[in-house]
Every structure is written in C-alpha cells, then in structure tokens.
S.K.: 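Before we start, here is the structure in question, set down as structure tokens.
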Protein chains: 2
Amino acid sequence: MSGADAGAPGLRVTVSDVAAAAGVSRATATRALKGEGRFAPETQERILAEAERLGYVRNTMAAELAAGRTGTVGLMLRDASNPAYGLLFSRLQDEAHRRGLDLVTVTIGADVQGAEQVNALHRLLGMRVAGLIVATGGITAAQLEPFADQVPIVRAGRVETAERIHTAHYDDPEHGRMLASHVLSLGHRRVVVLSGAEDVSFAEHLRASAMQSTLVAGGASVTLVAAGAAPTDGVDEALDAVRDGATAVMCASDYRQLAVMRALRSAGLSVPGDVSVTGCDGILPGADLLGLTTLRIPVEAVAAAAVETMQLLLTSGSDAAETVRQPFVGTLAPGSTAAAI
Amino acid sequence: MSGADAGAPGLRVTVSDVAAAAGVSRATATRALKGEGRFAPETQERILAEAERLGYVRNTMAAELAAGRTGTVGLMLRDASNPAYGLLFSRLQDEAHRRGLDLVTVTIGADVQGAEQVNALHRLLGMRVAGLIVATGGITAAQLEPFADQVPIVRAGRVETAERIHTAHYDDPEHGRMLASHVLSLGHRRVVVLSGAEDVSFAEHLRASAMQSTLVAGGASVTLVAAGAAPTDGVDEALDAVRDGATAVMCASDYRQLAVMRALRSAGLSVPGDVSVTGCDGILPGADLLGLTTLRIPVEAVAAAAVETMQLLLTSGSDAAETVRQPFVGTLAPGSTAAAI
DNA sequence: CTGAAAGCGCTTACAG
DNA sequence: CTGAAAGCGCTTACAG
C-alpha cells in the first residue's frame with residue numbers, strides 16, 4: 001500500500017494508542033516519551049515499552065506544529081555533483097551532527113536563477129525551519145532578504161553584502177592574489193586569466209579580478225577571458241593567447257584547469273614545458289597525481305563556521321547580534337603544472 | 001529574533017489572516033489558494049492577491065497533517081564527499097525534479113552502522129514521507145524491513161535481497177568480470193585484487209569476488225587483499241605482491257587505485273611499464289587526464305530507475321506490485337594505466 | 001505525579 | 001459558490 005493510504009499498521013500508531021496501551025493519558029505519554037516534565041519512573045518504563053512494542057514513531061510535523069517551534073535547520077544546496085559542493089555538503093552535515101542540529105536539505109534545480117530557487121526556498125520555509133543555511137550562489141540576496149527577519153540566514157561559501165544575512169565564506173579575492181603572486185614569482189609576465197563571466201560564477205569572477213590586478217601590479221600583461229559556464233568555454237581563446245606568447249594560463253577553477261590541460265595536450269603543447277597552468281579549488285581527488293598547481297579552498301573551516309554561527313543565532317536570538325561575516329583563506333598547493341619560466 | 005520565537009511578521013501569516021483580509025472563510029481561502037474545488041474566479045483573484053501582499057507561505061506540516069498525506073519522498077544519503085555518491089545524489093535530485101517529486105534528504109553520520117542510521121530513518125519516518133529512497137549501503141535490510149509495509153522503499157546503488165525492498169542497483173559482479181576479462185585479454189596471469197573487506201564495502205566485495213573467479217577461470221593466479229576502509233589500507237601488501245612478480249593490480253574502487261598509483265610512484269615503479277593498475281567507478285573528474293583504466297558505473301541509469309520506480313509505487317500502490325529489482329551495467333573505460341604484458 | 005482541555009495551522013466532507 | 005464544524009497528532013499550561 002502506498003504511504004498516502006490510511007490504514008498502514010506501523011505508522012498509524014499514535015500517542016493515543018501508546019497511552020491507551022499503557023493505561024495513561026496522552027499528556028502523560030507525551031511527557032514520558034520525550035522525558036520532559038514530571039512522571040513516575042515506572043510509568044515511563046511502561047510507556048516506553050509499549051511504544052517500542054507498537055512501533056511508535058512520533059509524527060514530527062504534528063509535534064512541531066503543536067509545540068510551535070521547529071528543531072531543524074534548512075539547507076539549500078547547489079548541485080552536489082561538483083566535488084567542491086559535495087564536500088561542503090558533507091562537512092556541513094558532519095558539523096551539524098556534531099552540534100546536535102538536524103539538517104534537512106533541498107537542492108535547487110539545474111535551471112539557472114528564477115522560479116526554481118524560490119520554490120526550494122518556499123519548501124523550506126513551508127516546513128517552518130528554525131534557520132536557513134544557503135550553500136549556493138544561485139540564489140540572490142534580493143530573494144533571501146524578505147525572509148531575513150523571520151528566520152536567521154547564513155550563507156556558506158559565497159560572500160554576501162546584504163544586511164542581516166550572515167556569512168562564512170571563501171576569501172576569493174585573496175585566493176586570486178595568492179595564485180597570481182605565485183605565478184609572478186615564477187617569472188611569468190604574459191598571462192592569460194580564464195574565468196566564468198560575472199553572472200556565471202561570482203566566485204570565479206572575484207578570483208579572476210584579483211588575479212588580474214595583482215598581475216598587472218606586478219608588471220605582467222594580462223589577457224582576460226570571461227567565459228561561459230561550461231569548463232571548455234573560452235579554452236580556445238586561451239590557447240590562442242598562448243600561441244601568441246603567453247607563458248601561463250591561470251584558471252579560476254579546477255574544472256577549467258582540467259579543460260585547459262586537455263586542450264593543451266591535444267594541441268601538442270606540454271605543461272609546464274611550453275606553458276604553466278594554475279587552477280583553484282584543490283578538492284579533486286587525484287589532484288596530487290596530476291600535479292595540479294592550485295589553491296585548496298578551506299571547505300572545512302567554512303562549514304564549521306556556518307554551522308557554528310547558525311547555532312549561535314538560534315540560541316541567542318539574532319535580534320541583538322551583529323551580522324556575522326567571516327572570510328576564510330585557503331592554502332596554496334604548488335604542483336608541477338606551473339614552473340619557473 | 002530566532003525562528004523559534006513567536007511574533008515574527010511574515011511567517012506568522014496564516015490562512016485565517018489571508019481569509020480575513022479577503023473577507024472569506026478559511027475553507028474558501030484554502031480552496032482558492034491551492035486551486036482545487038469550486039470558487040468564483042474573482043474571489044480567488046482577491047485571495048491570491050492578499051496572500052501575496054501578506055507574504056503568506058503555507059505551513060506544509062499543518063497542511064499535510066490535516067490532509068492526512070505527504071507529498072515528499074525521503075532520501076537517505078551517504079556522505080556526499082565521495083564523488084560517486086555526490087553524483088548519484090545530484091542525479092536523483094534532477095530526476096525527482098523532472099517528475100515533480102519533492103525530495104527531502106538526510107545523511108547518515110560518519111559512524112559506521114548503529115544508532116545513527118536508525119536515527120536518520122526515524123527522522124524521515126517522523127516526517128511521514130510518502131516513500132523512502134535509500135542511497136547508502138550503511139543501512140541494513142533488517143533495519144529497513146520493519147517499515148517496508150508502511151512505506152515503499154527503493155534502494156539505489158546497492159543490491160538488496162530482502163523481500164519488499166525494491167532496488168535499482170549497479171551490477172557489481174558484472175563490473176568485476178568485465179574488468180577482469182580486460183586484464184586477462186592484456187595477457188596478465190599474476191594479478192593482485194585489492195578491495196575493502198566484505199563488511200567494509202559490500203560493493204567492493206562483490207566486484208572483487210567476481211574479479212577473482214573470472215581471473216582464476218582465465219588461468220591467472222590471484223592474490224586477494226581484503227583491506228580496511230581507508231584507501232591506503234592494503235596498499236603495502238599489494239606492492240609486496242608486485243615485487244613478488246604480479247604484473248597487475250586490480251582495485252575495487254577508484255580511490256584505491258589512486259592510492260596504489262601514489263605508492264607505486266614513490267616506490268619508483270612505473271605504470272603501466274612495471275605494473276598495470278585498474279580501478280572501478282570512473283566518476284573522478286580528471287580521470288581521463290590521469291589515463292585511468294577503470295569502469296564507469298551507470299549512475300544516471302540507476303538514479304532514473306530509482307526515482308521512476310518510486311513514482312510507480314506511489315501512484316499505483318505497492319501492494320499488488322512485484323518487488324522491482326533492476327541491475328545496471330556500466331561501461332569499461334580503457335585507459336593508459338593498464339597495458340599488454 | 002497525572003489528566004482534561006484548548007489549540008497549533010490547515011483541510012475536508014457536509015450543508016447550504 | 002461558500003461557510004461552520006470536526007479533526008489530523010501532538011503539546012502545553014492549568015488544575016488537581
């Protein structure tokens with residue numbers, strides 16, 4: 001029988017059933033079941049035993065409705081097939097679990113911006129979650145803000161400027177600077193910077209901008225390629241620039257770096273012999289075997305801070321609190337794809 | 001203010017508020033809001049406008065409690081930091097979205113077996129989900145079975161023998177056979193098979209068993225290393241066997257393959273010059289650049305079948321239905337880490 | 001220590 | 001086409 005049907009044995013067991021079986025009132029059963037309030041130890045024992053015997057599972061929705069509060073925090077996630085998001089998801093879960101926070105997750109559809117995001121947001125709000133952790137750039141501050149005074153919102157991963165929305169985020173500009181400094185220190189002065197356009201990936205945009213200005217300040221000439229969402233977008237332009245004399249290609253993400261290396265390989269160019277290549281993210285398994293020069297983003301720190309902030313907001317009330325805004329810096333992972341000129 | 005507080009403006013808006021503002025009864029407001037039942041078009045317009053103006057978001061928990069049914073399907077997920085699970089998660093979401101199924105996800109803690117899984121299960125059941133998709137091997141049939149007649153359960157990824165629990169799973173034994181045949185065809189006759197022990201990863205165990213029997217049937221001698229959960233476990237034994245004359249190391253997962261390749265590299269052995277190495281999973285980004293010889297598991301097909309099966313069970317009632325059990329076979333990805341002897 | 005009663009926000013027959 | 005009423009399963013003051 002479908003879960004939508006009435007009459008399934010197990011899940012139809014209610015507190016009333018348990019109470020009746022134990023010969024007490026629903027009120028007493030409720031108290032004993034959650035171990036709050038006063039009740040005789042032996043009464044509780046009996047109630048617990050009956051609940052166990054009957055296979056009672058508390059109806060969370062009814063419980064929270066009646067209690068007027070919610071124990072779970074909603075997590076909005078971006079497509080987890082991207083390892084960077086998969087790992088962030090995983091760490092957020094771990095951290096929430098460690099702190100005794102229940103997380104319920106919805107992901108937003110693949111369709112860029114629009115109705116889908118709002119729909120996911122409403123599903124979470126409809127569940128009356130106690131808080132919202134947003135781990136996707138796909139949703140804008142404007143979409144979030146209307147709810148910021150109803151529920152604490154913490155953005156994880158991406159920076160946010162809107163008032164009332166807290167963040168634990170990657171310091172993307174600093175990451176761009178670190179990578180650019182490294183490339184400069186290797187002696188490169190003609191560099192291609194390949195990233196997604198601003199509206200495609202804001203993180204990549206931030207990194208790329210910082211790379212560019214650092215490179216220019218360091219005396220290098222820069223060819224900036226603002227590409228589409230697909231990792232292969234813009235790769236051809238990058239190769240053209242290399243044939244034109246650029247000695248390094250800085251990619252704003254590991255995926256673009258992989259795409260560039262594939263293209264270079266099939267073009268018969270060697271890395272780092274003919275050209276140096278850098279990426280950013282550093283969470284690909286096997287990155288070490290490939291020798292990728294990249295920057296490992298601080299996923300663990302961001303996840304921990306996001307959950308910690310949420311817990312703080314939940315327990316202390318967010319009215320008094322300042323908006324929390326915490327940037328985290330990763331570590332440079334020098335590999336063998338970038339070498340001195 | 002915290003979400004636990006009463007008195008937040010937006011989320012405190014109820015149907016009663018909307019109804020009052022529109023000058024109708026709660027019953028009428030409900031109907032108009034969901035567009036079911038009879039109501040005057042202009043009445044609906046007015047109600048919708050008021051709802052919009054007041055920022056009404058239906059309380060899903062109350063709605064489903066009152067309606068006596070649930071629209072969402074629960075998904076139990078394993079740690080998404082493993083790309084294979086991250087991708088499966090992503091595809092399950094996409095597929096559910098395409099079919100108009102709402103998914104709510106909980107992940108199980110890192111602690112192997114035990115209370116944690118049961119807790120996650122209860123959280124989902126407590127939400128009175130309409131169905132359960134289980135995408136983790138960490139939970140056993142015995143833990144699932146008690147609920148199988150209360151709610152349709154579909155296992156995604158791993159095979160299941162318990163009655164009443166449907167599956168869409170990887171054909172792991174066949175995958176093992178395919179890889180072993182490939183290695184045999186390359187002329188290898190002394191082979192190491194490296195996998196997690198049966199209780200560590202059942203999938204790896206199935207693959208490894210099939211590899212072993214296929215190899216033996218093909219006239220090869222096999223050294224079987226049943227290792228722990230960490231990818232580096234058992235790598236030393238594998239290397240010993242190589243020094244002892246084995247010409248190929250077959251790993252039951254890509255992670256182990258990476259670990260073996262790292263170890264071989266630091267031991268000064270070349271791949272595939274000194275020894276061939278194979279993996280299994282094939283979902284690592286950059287696997288092509290590494291030239292991994294592996295087998296790409298059919299994540300997309302498994303995800304699609306799991307969701308389709310769930311939808312079927314939900315709409316047609318599972319009482320009449322046979323237990324659905326669908327194995328899917330992946331494709332061999334010959335790379336440059338395995339060569340003819 | 002325990003129970004009767006009201007109520008959480010919404011829906012659903014059932015009368016109009 | 002619309003509303004009054006009962007009820008979903010649980011919790012929480014408030015009396016005992």
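Letters go in sequence order (proteins before strands), and every chain restarts at 1.
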S.K.: Output all residues satisfying salt bridge (Lys or Arg N to Asp or Glu O under 4.0 Å) with A:Arg78, sequence neighbours left out; order by chain, then residue number.
M.R.: none

S.K.: Between N or O atoms, less than 3.5 Å apart, protein on one side and nucleotides 10-13 of chain D on the other: list the pairs.
M.R.:
unit_1, atom_1, unit_2, atom_2, d
D:dC10, OP1, A:Tyr56, OH, 2.6
D:dC10, OP1, A:Asn59, N, 3.2
D:dC10, OP2, A:Val15, N, 2.5
D:dC10, N4, A:Arg26, NH2, 2.3
D:dT11, OP1, A:Arg58, NE, 3.0
D:dT11, OP2, A:Thr30, OG1, 3.3
D:dT11, O4, A:Arg26, NH2, 3.2
D:dT12, OP1, A:Arg69, NH2, 2.7

S.K.: Do B:Glu163 and B:Thr323 meet the criterion of a side-chain donor-acceptor pair at a distance under 3.5 Å?
M.R.: yes

S.K.: Calculate the interatomic distance between A:Phe39 atom CZ and C:dC1 atom P; express it in whole Å.
M.R.: 9 Å

S.K.: With sequence neighbours excluded, tell me which residues meet side chain to side chain contact (heavy atoms under 4.5 Å, CB included) with A:Ala67.
M.R.: A:Arg69

S.K.: Would you kindly give the CG-to-P distance between A:Leu65 and C:dG9, to the nearest whole Å?
M.R.: 7 Å

S.K.: With a 4.0 Å cut-off on N to O distance, would you call A:Arg46 and A:Glu50 a salt bridge?
M.R.: no

S.K.: Take atom P in D:dT11 and the same atom in D:dA15, then report the distance between them in whole Å.
M.R.: 22 Å

S.K.: Side chains of A:Thr28 and A:Gln44 only: does a donor on one sit below 3.5 Å from an acceptor on the other?
M.R.: no

S.K.: Is A:Ser25 close enough to C:dT2 that one of its side-chain N or O atoms is under 4.0 Å from OP1 or OP2 there?
M.R.: no

S.K.: Quickly work out the B:Leu33 CG to C:dG9 C1' distance and round it to whole Å.
M.R.: 12 Å

S.K.: Return the stems involving DNA chain D, sorted by first number, where pairs are Watson-Crick (N1-N3 with N6-O4 or O6-N4) or G-U wobble (N1-O2 and O6-N3), both under 3.5 Å, and runs are 3 or more long.
M.R.: C:1-3 with D:14-16, C:5-12 with D:5-12, C:14-16 with D:1-3

S.K.: Report yes or no: do A:Thr140 and A:Glu145 form a side-chain donor-acceptor pair below 3.5 Å?
M.R.: no

S.K.: A:Phe89: which residues meet the ring-ring contact (aromatic ring centres under 6.0 Å, His included) condition with it, sequence neighbours left out?
M.R.: B:Phe89

S.K.: If we take the C1' atom in both C:dG16 and C:dT12, what is their distance in whole Å?
M.R.: 16 Å

S.K.: Quick one: which residue pairs count as a salt bridge (Lys or Arg N to Asp or Glu O under 4.0 Å) with a foot in residues 33-44 of chain A, not counting sequence neighbours?
M.R.: A:Lys34-A:Glu36

S.K.: Whole angstroms only, please: what is the CD-C1' distance between B:Gln44 and D:dC1?
M.R.: 13 Å

